Colleague: 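Quick one: this structure, given as structure tokens, is what I'll be asking you about.
All values reported here derive from a predicted model rather than from experimental measurement. The figures that follow rest on heavy atoms only: side chains count, while hydrogens, waters and symmetry mates do not. Numbering starts at 1 and runs along the sequence shown.
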Amino acid sequence: MVTHRDTIHDKEKNYACDKCEKTFEFRSHLSRHQISVHKGEKKFEKKSSLFMQQKLVHKDRDDFTCSMCEKKFENKSTLLKHKKIFHEVFKNYLCEVCAKRFDTKHSLLFHQRTLHKGRKDYACDKCEKKFHRCQNLITHQKTVHEGRKDYECGKCEKKFPRKSHLLLHMTVVHEHRKDFECEKCAKKFGQKSHLLLHMTTVHDHRKDFSCDKCEKKFGLKWIMIQHRKLVHDDCKDYACDKCGKKFGQKQNLLYHQKTAHEGRKDYPCDNCEKKFARKFDLLLHQKTIHEGRKDYECDNCKKKFGQKSNLLSHQKRIHEDRKDFACDKCERKYVNKSYLLKHQKIVHERRKDYPCDNCEKKFARKFDLLLHQKTVHEGRKDYACDKCEKKFGQKSNLLSHQKKIHEGRKDCA
């Protein structure tokens with residue numbers, strides 16, 4: 001407060017240059033003056049500090065320059081903080097609703113019109129979306145309806161519709177920066193919005209978005225919209241051009257094409273020979289199999305699970321006795337939709353979509369195909385009995401052997 005009063009109101013300049021008679025309000029202004037005017041050599045302990053000095057002073061960047069005092073900043077958030085602390089006192093237009101101040105009457109009126117009155121005067125003529133600003137409407141039409149991506153990454157050639165998206169991509173993907181850390185679990189994020197979302201959904205357990213067609217609630221609005229579209233509207237707009245299969249999301253179509261038709265598995269595990277089509281599946285495999293982590297605990301029986309979906313399925317099946325997905329061809333019911341679809345495909349349609357490339361045999365499940373190839377064609381027997389030297393191709397056969405032979409049980413015949 002004392003520094004603020006001395007510099008802003010009393011205009012004291014306590015920092016004098018030892019090479020000329022010029023004085024400055026802030027030490028940082030003096031340092032910049034000495035470097036730019038007198039060309040004094042300055043040394044830095046960290047390489048990052050040197051790069052930042054070169055970027056702000058010598059390269060004469062004006063990306064984040066204060067329009068009132070010409071001071072330059074590393075990023076937009078620091079610039080906004082500076083303006084709020086040192087220059088907001090000069091904002092003469094006060095909003096009577098929320099007490100926020102503005103430097104021009106136009107800014108105040110725009111704030112009142114859009115925030116407090118909720119007006120969106122710029123409507124898209126190609127869809128029903130409306131916007132506060134004309135520029136936002138133009139950007140929407142250019143990126144959504146025209147599909148333009150004018151900003152290309154120089155390192156990976158990926159293109160983006162907005163410059164802000166490109167800068168964020170470079171920061172997170174190529175610089176591997178995650179500047180926003182959760183104070184409760186130390187997880188880091190590349191974007192502040194992702195951190196806030198994580199805190200509300202994971203730690204506060206908030207689910208603010210309810211489906212108007214069922215009682216299900218969601219932590220994220222886009223997931224709720226996706227649920228309504230896929231589950232209630234049965235909307236599948238993305239069809240595979242090779243087999244005709246349809247998907248509700250484009251990413252699922254691309255994943256299907258990559259794995260089913262191209263057979264690609266680009267993510268190998270460095271702890272075993274297993275490969276995965278998605279990075280997410282690789283990380284999940286490493287976490288649950290090799291690290292043995294089970295981060296999701298049932299609050300009813302304390303049983304732990306490696307995946308949240310398995311925990312939710314367990315709670316529905318065991319504690320709530322819920323089986324919401326009934327087969328329309330028989331009396332069987334299932335906990336989730338994927339189990340129902342698998343049942344219908346195997347039992348009622350008698351489909352066997354997984355042929356063996358070594359023989360003419362076909363299988364209804366990929367698991368059974370892999371097991372067949374491993375045990376029949378490769379002759380592998382990975383399950384050895386610890387009481388005798390006998391080996392088995394399947395774990396279930398080993399357990400049956402131990403019960404029948406070594407424990408003398410007759411219920412395994």
Colleague: List in chain and number order the residues that pass side chain to side chain donor-acceptor pair (under 3.5 Å) with His319, two or more places apart in sequence or in another chain; answer none if no residue qualifies.
Modeller: His314
Colleague: Nearest 0.5 Å, what's the CG-NE2 distance between Asp204 and His198?
Modeller: 9.5 Å
Colleague: What is the distance from atom CG of Asp386 to atom NE2 of His406, rounded to the nearest 0.5 Å?
Modeller: 8.0 Å
Colleague: Which side-chain N or O atoms in residues 155-163 pair as donor and acceptor under 3.5 Å with protein atoms at least two apart or in another chain?
Modeller:
none

Colleague: I need the full list of salt bridge (Lys or Arg N to Asp or Glu O under 4.0 Å) pairs touching residues 307-325, with sequence neighbours left out, sorted by first then second residue.
Modeller: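 Residue pairs passing salt bridge (Lys or Arg N to Asp or Glu O under 4.0 Å), neighbours aside: Glu320-Arg322, Arg322-Asp324.
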Colleague: Got a sec, which pairs hit side-chain hydrogen bond (donor to acceptor under 3.5 Å, both in side chains) with one end in residues 370-384, sequence neighbours left out?
Modeller: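 Sorted pair list: Asp357-Gln373, His372-His377, Arg380-Asp382.
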Colleague: Search all heavy atoms of Phe276 against all heavy atoms of Cys269 and return the closest pair with its distance.
Modeller: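 Scanning both residues completely, I find the closest heavy atoms to be CE1-CB, 4.5 Å.
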Colleague: Only pairs at least two apart or in different chains count here, so list each side-chain hydrogen bond (donor to acceptor under 3.5 Å, both in side chains) that has a residue in residues 359-368.
Modeller: Arg365-Asp368
Colleague: Suppose we screen for ring-ring contact (aromatic ring centres under 6.0 Å, His included). Which residues come up paired with His232, at least two apart in sequence or across chains?
Modeller: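 Applying ring-ring contact (aromatic ring centres under 6.0 Å, His included) to His232 gives His227.
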Colleague: Could you check if a side-chain atom of Arg228 sits within less than 4.5 angstrom of a side-chain atom of Lys213, using non-hydrogen atoms only?
Modeller: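 Answer yes - side chains close enough.
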Colleague: Indicate the atoms forming the closest heavy-atom contact of Gln191 with Phe180, along with that distance.
Modeller: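 Closest approach of Gln191 to Phe180, heavy atoms only: C-CD1, 3.5 Å.
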Colleague: Taking atom CG of Asp179 and atom CG of Leu195, what is their separation to the nearest 0.5 Å?
Modeller: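 Asp179 CG to Leu195 CG: 11.0 Å, rounded to 0.5 Å.
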